[in-house]
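Comments concern the structure below.
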Amino acid sequence: MVTISKKKFKQSFETKMYSLYAQPIKDATNEQLLSVLCCVIKDIIAKRWIETNIDKEKEVYYFCIEFLLGRQLKSNLLNLDIEDSIRDGLKELGIELDDLINAETDPALGNGGLGRLAACFLDSMASLKINGHGYGIRYQNGLFEQKFVNGYQVEVPDNWLSQGAYFWETVRPNKAIVVKFEGEIELVKDNDRLKVKHKNYIPVMAMPYDIPIIGYHNDTINTLRLWKSEIQSRDFGQNTSNAKNYSGSYEDALAYKYYAEEISQVLYPNDSNYAGRLLRLKQEYFFTSAGIQDIIRKYRRTKQDIKSLQNKVAIHINDTHPTLCIPELMRILLDEEGLSWEEAWKITTNTISYTNHTIMAEAMEKWPIDMIKTLLPRIYMIIEEINRRYNLYLDDKYNDENKKQHMRIINWDNVNMANLCIVGSHSINGVAALHTKLLKKEVLRDFYEDKPEKFNNKTNGIAHRRWLMSSNPELSDLITDLIGDKWKKDTTRLKDLEKYKLNTSVLNRLDEIKHHNKEHLADFINNTYNVQVNPNSIFDVQIKRLHAYKRQLLNILNILDLYHELLENPNFDMQPRTFIFGAKAAPGYYLAKCIIKFINSVADKINNDPRVNEKIKIIFVENYGVSLAEKIIPAANIGEQISTTTKEASGTSNMKLMMNGAITLATLDGANVEIFEQVGEDNIILFGLSAQQVLDYNKYGGYSALDLYQSNRRIKRVVDDLINGFIPNMDSEGREIYNSLITYNDEYFVLRDMENYSEAQAKINKLYQRKEQWNRMSLMNIANSGIFSTDRTISEYAKDIWFKGCEINEKYIKL
Ligand code: GL9
């Protein structure tokens with residue numbers, strides 16, 4: 001393992017400061033100090049990074065259009081096990097490590113769960129010594145910064161590169177790759193074969209920026225390679241003789257520059273939603289083509305037979321955004337390697353695997369044929385041929401036209417990307433047991449019945465190193481004091497904590513740590529938002545994207561109900577509560593933005609009402625992201641996981657919160673089902689419709705929100721508050737929400753679950769007052785969170801998908 005002595009570190013730091021900035025340390029800004037520190041760390045790991053990348057065993061390439069990394073410094077120091085020596089060394093130079101940790105930008109190159117999962121996967125692949133690398137896009141602007149103006153969400157462009165560079169990355173111009181858009185395809189006769197000639201294409205340069213991904217206390221340093229789009233420059237020895245000629249006017253040159261650079265300019269701020277825009281399709285092809293070309297280039301250097309690709313390379317498609325990996329790999333195998341269709345198809349399907357992350361209809365990517373044909377003429381030809389052959393297979397096997405229609409890759413005027421993924425890969429997995437079951441039984445039933453052996457479940461996880469060890473060090477130390485430190489490499493050992501469940505002093509210690517974390521968060525809230533919160537109150541947390549199915553609305557309507565109850569009965573016995581929300585809404589998602597405005601307006605009213613504000617406080621943190629999550633999660637007493645059952649594929653904040661001792665308040669949706677199975681019914685609070693009830697309502701109807709509204713006094717009272725002026729400062733937002741509930745019959749069953757939710761909340765109120773029991777529940781949650789480490793998830797991917805049947809399986813996989 002790499003190490004560095006304090007003395008050597010100080011020397012390197014000073015030398016780097018001079019060579020980079022030619023100034024003494026005392027004159028440097030925190031950003032400059034941070035950049036120097038990153039360079040020193042990169043020097044320390046350089047040799048190991050190079051060695052990890054010398055190809056030995058089978059490698060995994062994880063394609064994802066988003067990687068939500070969060071800050072890297074602290075987690076890198078933790079994984080390298082050099083935090084103490086660096087902290088002391090810096091101190092002797094007059095520098096506080098924590099100042100530098102806080103000076104780091106938080107790269108938000110993702111929207112939410114999907115992108116964060118990809119980042120946790122990278123951490124676990126490196127920590128399990130799997131040669132697993134990420135491919136993505138180096139967006140110039142990540143997810144927008146959220147501001148609240150008069151309670152409304154306002155989006156400000158993210159500028160994570162404002163310091164000029166990202167200190168962890170290394171740009172590699174010698175590894176740039178040309179990606180070809182548009183143009184025409186000509187088939188030219190070459191002896192007895194037809195050769196494909198792509199003419200008049202627009203060449204876009206994919207410039208790789210590499211970020212090291214450091215394994216925990218081992219020597220593995222993997223790579224996240226993010227591509228930036230640029231104009232094609234002649235300097236890099238790429239053959240682009242058939243490219244469109246741009247040597248014309250100044251306007252032409254500018255237009256070309258815009259065309260190329262626009263591709264990696266900005267992250268689409270969508271959550272589980274299909275954008276359907278040409279630029280998005282460009283992004284999808286840009287990074288998949290660059291990645292696949294890169295893999296093949298590296299493979300060719302090994303001089304091995306291309307037909308053995310699947311023995312050395314596993315390609316994973318994370319959701320449908322990288323689907324074009326399939327026709328792109330086919331293109332290279334057919335047009336460049338000269339393989340037959342059958343050979344190429346076998347290699348492709350054996351190499352590629354796919355994960356589905358949602359069953360929401362609006363997330364299902366369907367690209368218009370014309371768009372693909374014009375933008376990617378050769379790729380479209382290949383998709384058409386895949387479709388033609390698959391149709392022959394379907395016609396041969398089935399008579400049911402409806403069924404076949406459902407399964408076709410090209411349907412009407414669209415290419416169905418999920419269908420292409422399913423047909424073109426050897427493994428399809430969902431992200432929690434219930435989600436996989438719904439895929440098999442409902443959404444992808446025909447495909448499952450056709451090829452059941454391809455389908456499997458891989459329940460999501462979280463990197464416990466970031467989400468427990470690094471963000472909650474006090475709790476982490478207590479755990480180690482109690483059960484030793486083996487849990488850090490094998491989180492199932494957390495189970496050993498159960499033997500302390502009747503130990504009052506351990507339970508009190510747990511409580512003290514939670515309280516301490518709550519004080520920290522309270523200070524932060526006070527300093528940032530100028531709102532006083534009481535650390536003795538219950539910290540009730542809902543942090544996730546704002547979406548109707550996630551039902552932040554249910555939470556706020558219940559708070560409003562509580563408010564009415566308190567006004568009617570000031571002696572109403574309740575433990576003070578602090579409700580904490582963190583959520584961004586997609587900029588074009590009007591209802592979600594109305595809900596943000598509504599929550600902020602209710603917060604304003606309640607927080608300023610002296611009759612109740614000792615009992616209820618509502619905090620909506622601005623610009624929720626990874627860094628804020630790291631502050632909030634250790635301080636949470638309750639994790640709200642209240643999505644409409646069947647809609648949340650898995651969820652991952654549920655796992656982070658339980659691992660930090662929060663009690664889950666949940667519907668039996670996504671991975672909540674498995675959390676319930678782990679902790680048992682005494683240690684979770686459940687409510688709401690079952691999956692079957694939701695499916696039945698959706699199939700057969702039978703739910704009337706209006707009837708419920710008219711017959712239930714408390715429901716009517718809060719729904720009326722949306723439109724009767726009770727909440728000041730609202731415009732038409734209340735009406736919009738009202739209509740979604742009453743006029744459009746409450747698609748997500750908010751009102752249907754309301755009474756049950758309110759009972760569950762009342763139960764929590766009582767439980768919290770029995771402190772020892774509450775602390776025991778908290779301990780049981782931590783003790784049973786072990787299987788939700790991504791180390792478990794990744795070892796399952798490795799065993800069942802990437803390395804299935806390979807020799808290296810045993811050697812590499814820990815669990
Ligand atoms: C999501 C699902 O909605 C989540 O339930 C799941 O936990 C994650 C990771 O598997 O994937 N799918 C999806 O499109 N998003 C998810 O969070 N959305 C975003 O990432 C914004």
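Numbering of ligands and ligand atoms starts at 1, following listing order. None of these values were measured; they are calculated from a predicted model.
- Under 4.0 Å from ligand 1, the heavy atoms of Asn460 that appear belong solely to its side chain.
- Atom 15 (N) of ligand 1 has its nearest heavy-atom neighbour, among Gly113, Gly651, Ser272, in Ser272.
- Ring centroid separation for the pair Tyr166 and Tyr209 does not come in under the 6.0 Å cut-off.
- A heavy-atom separation below 4.0 Å is found between Tyr549 and ligand 1.
- Within 6.0 Å of the CD atom in Glu362, the count of heavy atoms belonging to other residues, nucleotides or ligands exceeds 12.
- Using a 4.0 Å cut-off between charged side-chain N and carboxylate O, Arg116 and Glu66 make no salt bridge.
- A ring-centre distance under 6.0 Å is not found for Phe287 and Tyr135.
- For ligand 1, the polar-atom distance check finds an N/O of Glu648 within less than 3.5 Å of one of the ligand's N/O atoms.
- Interatomic distance, Gln678 CD to Asn784 CG, rounded to the nearest 0.5 Å: 6.0 Å.
- Residue, atom and distance of the protein heavy atom nearest to atom 16 (C) of ligand 1 are Leu114 N, 3.8 Å.
- Geometrically, ligand 1 and Arg545 share no nitrogen or oxygen pair separated by less than 3.5 Å.
- Between Glu630 and Arg466, at least one side-chain N (NZ, or NE/NH1/NH2) sits under 4.0 Å from a carboxylate O, which counts as a salt bridge.
- Taking only nitrogen or oxygen atoms, main chain and side chain alike, Ser650 reaches within less than 3.5 Å of ligand 1.
- Atoms of ligand 1 found under 4.0 Å from any heavy atom of Ala649, numbered from 1 in the order shown, are 5 (O).
- Set against the non-hydrogen atoms of Asn111, the atoms of ligand 1 under 4.0 Å away are 21 (C).
- Among all non-hydrogen protein atoms, the one lying nearest atom 10 (O) of ligand 1 is His357 ND1, 2.6 Å.
- Atom 18 (N) of ligand 1 has its closest protein heavy atom at Asp271 OD1, 2.8 Å.
- Taking the centre of each ring, Phe286 and Trp227 stay at or above the 6.0 Å mark.
- The line from CE of Met658 to CD1 of Ile782 is 9.5 Å long, rounded to the nearest 0.5 Å.
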